[in-house]
Protein chains: 2
Amino acid sequence: MKSTIPDTGVPITPAAGNGGDRQENRHEASLHGEILLRLRDYVVEGNIPEGARVPERQLCEMLGISRTPLREALKVLAAEGLIELLPNRGARVRQLSQRDLEELFDVMAGLESLAGRLACEAITDAEITAIEQLHYEMYGHYLHRDMHGYFQTNQRIHESIVAAARNETLRTAYANFAGRIRRVRYSANFARKRQRWAEAMREHEAILDALRRRAGSELSDILFQHLRNKRTAAIEHLSEPQEDAPASA
Amino acid sequence: MKSTIPDTGVPITPAAGNGGDRQENRHEASLHGEILLRLRDYVVEGNIPEGARVPERQLCEMLGISRTPLREALKVLAAEGLIELLPNRGARVRQLSQRDLEELFDVMAGLESLAGRLACEAITDAEITAIEQLHYEMYGHYLHRDMHGYFQTNQRIHESIVAAARNETLRTAYANFAGRIRRVRYSANFARKRQRWAEAMREHEAILDALRRRAGSELSDILFQHLRNKRTAAIEHLSEPQEDAPASA
DNA sequence: GTCGGCCATTTTGCATTCATTTTTTGTCCT
DNA sequence: AGGACAAAAAATGAATGCAAAATGGCCGAC
């Protein structure tokens with residue numbers, strides 16, 4: 001059994017055994033729907049090495065289903081850009097080149113830039129107040145050098161801006177691209193440089209300021225530049241040697 | 001007639017050269033890949049009424065295949081947002097509400113805005129010259145009141161800007177959203193108002209000007225406003241003449 | 001000793017088949 | 001006559017089977 005698969009013999013998810021305790025499903029009641037969600041999470045979490053070839057058979061065993069719904073889910077994941085489907089040669093986790101990452105970051109920047117612009121048109125004072133709260137909370141994390149908390153709050157701020165844009169299509173697209181990037185766990189390391197961190201905080205203050213003034217164009221510009229700088233930091237980090245131990249879970 | 005099922009006995013043989021090529025060349029070999037391309041074109045072309053329920057069996061007969069590859073293609077189309085997949089109730093052509101259209105237009109505006117910004121970073125003089133050529137050509141169409149030629153050239157200009165952004169991810173996303181909108185055939189009517197047409201020409205001149213100066217932020221702003229105005233015109237057009245009452249049961 | 005062709009095994013792609021759910025239709029009761 | 005219930009018919013969801021292509025190993029040739 002010369003398994004070309006690295007370490008894919010993994011429990012893909014606890015997934016609450018088939019006890020039959022769950023028929024209350026909002027949207028994805030069907031099997032292929034659930035498989036899709038689980039597989040997507042599984043890939044996004046980075047449990048499969050890049051470019052690793054994962055035979056359908058093995059995935060079927062792991063998931064306890066037949067190949068038909070699995071293949072449907074794979075097609076969708078391929079359409080989402082998470083995996084690649086080579087004809088007659090199976091599915092591979094799409095490996096993102098540095099160029100791909102740059103492109104993804106730029107698209108994310110464009111989407112957030114758009115979100116900021118749209119948000120200025122319809123955001124309520126209450127929403128701004130909520131974002132301000134998050135901002136102060138994030139500032140606290142920054143002062144305490146709590147990188148994990150900082151990133152989580154940071155993400156919530158950006159999500160709040162996207163939500164304030166009141167555009168579900170944008171929200172979905174944003175989530176999709178965010179998922180593609182999330183595979184690359186840059187966030188845990190990208191802001192080691194304290195200087196960049198301080199810059200990011202200043203940029204966030206400018207974001208908040210523009211948001212308060214509902215200055216759409218300005219906010220759009222600031223957000224794009226903010227994400228651009230993030231991108232630069234992330235790419236630089238990726239180019240550097242990674243000496244760290246990844247196990248922070 | 002309570003049945004929403006129309007006579008879908010239509011020959012699904014368009015497959016003719018489309019204005020824009022799709023992003024996936026990797027699927028063309030396999031059957032489901034070809035089915036995907038044909039079905040997507042078929043839906044984008046608007047051959048299926050909105051919300052119409054099309055039984056898989058019927059599509060299989062039309063396409064001469066079995067249900068397995070068809071279902072795979074349907075899943076992908078659903079992921080792309082072209083159709084809806086109701087659990088146990090089949091696939092329906094996704095009908096876009098006015099709100100959906102507004103959202104789509106805004107996202108397109110954001111993507112083109114981003115494209116303009118990125119294009120300013122890397123566009124060559126030759127590319128600008130080419131766009132200028134298209135611009136003059138479009139101006140000729142405008143002077144001759146040739147709406148069809150105008151729209152085609154206009155589309156080529158916008159595609160050129162997206163291409164100049166040198167971001168394949170962006171290009172793919174742009175093509176996807178463009179396909180969703182294309183179902184709604186607004187373009188044939190949206191510029192009935194000559195005033196709007198003249199405005200659009202002026203905006204295009206401003207676009208070209210900003211592009212020549214590589215003024216990224218400015219071009220970003222102009223493009224967004226340009227698309228915003230397009231959106232307004234399109235939505236207004238949709239509200240006015242109701243050629244078909246989509247009222248489904 | 002290494003390269004190249006041949007064959008067995010595995011894997012993918014598609015068709016077919018089975019099981020569930022939905023929809024329709026027919027009948028019966030109010 | 002109209003509505004409710006039930007059974008038939010059809011459609012969807014998932015599993016299995018089968019053919020074609022690919023992967024890998026083996027043997028022979030150079």
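Note that the structure is a prediction, hence the values are computed from the model and not measured. Here is the naming used below: chain letters follow the sequence lines, and residue numbers restart at 1 for every chain.
Here D:dA15 presents its P atom at 12 Å from CZ of A:R57, a figure rounded to the nearest Å. A straight line from CG of A:L74 to C1' of C:dG13 spans 13 Å, rounded to a whole angstrom. The distance from atom CD of B:Q58 to atom C1' of D:dT12 is 15 Å, rounded to the nearest whole Å. Separating the CG atom of B:L70 from the C1' atom of C:dT16 is a distance of 15 Å, rounded to the nearest angstrom. When rounded to the nearest whole Å, the span between CG of A:N88 and C1' of C:dT11 equals 9 Å. The CG atom of B:L59 sits 14 Å away from the P atom of C:dA15 (whole-angstrom rounding). Rounded to whole Å, atom C1' of C:dT11 lies 13 Å from atom CG of A:L85. The nearest whole Å value for the distance from the CD1 atom in B:I35 to the P atom in C:dC14 is 9 Å.
Nearest nucleotide to the A:P69 side chain, out of D:dA14, C:dC14, C:dT23: D:dA14. Minimum atom distance to the side chain of B:R53 is reached by D:dA11, of the listed D:dA11, D:dT23, D:dA14. Candidate nucleotides D:dT12, C:dC14, C:dT12 were compared by shortest atom distance to the side chain of A:E56, and C:dT12 ranks first. Distance from the side chain of B:R67 is smallest to D:dT12 among D:dT12, D:dA15, C:dC14. In this structure, the nucleotide among C:dG13, D:dA22, C:dA15 sitting nearest to the side chain of B:S66 is C:dA15.
Residue B:V54 is tested with B:I83, B:L74, B:L39, B:L59 for a side chain to side chain contact (heavy atoms under 4.5 Å, CB included); the sole match is B:L59.
Under a 4.0 Å N-O distance rule, the pair A:E84/A:R92 does not qualify as a salt bridge.
A donor-acceptor contact shorter than 3.5 Å is absent between the side chain of A:R228 and the backbone of A:H226. Checking side-chain atoms of A:R117 against main-chain N and O of A:E112 turns up no donor-acceptor pair under 3.5 Å. Judged purely by atom type and a 3.5 angstrom limit, B:R57 has no side-chain atom pairing as donor or acceptor with the backbone of B:P55.
Between A:E72 and A:R89, the residue whose closest nucleotide on DNA chain D is further toward the 5' end is A:E72.
In this structure, B:R71 reaches the D:dG13 phosphate: one of its side-chain N or O atoms is under 4.0 Å from OP1 or OP2. In this structure, B:H32 does not reach the C:dG13 phosphate: none of its side-chain N or O atoms is under 4.0 Å from OP1 or OP2.
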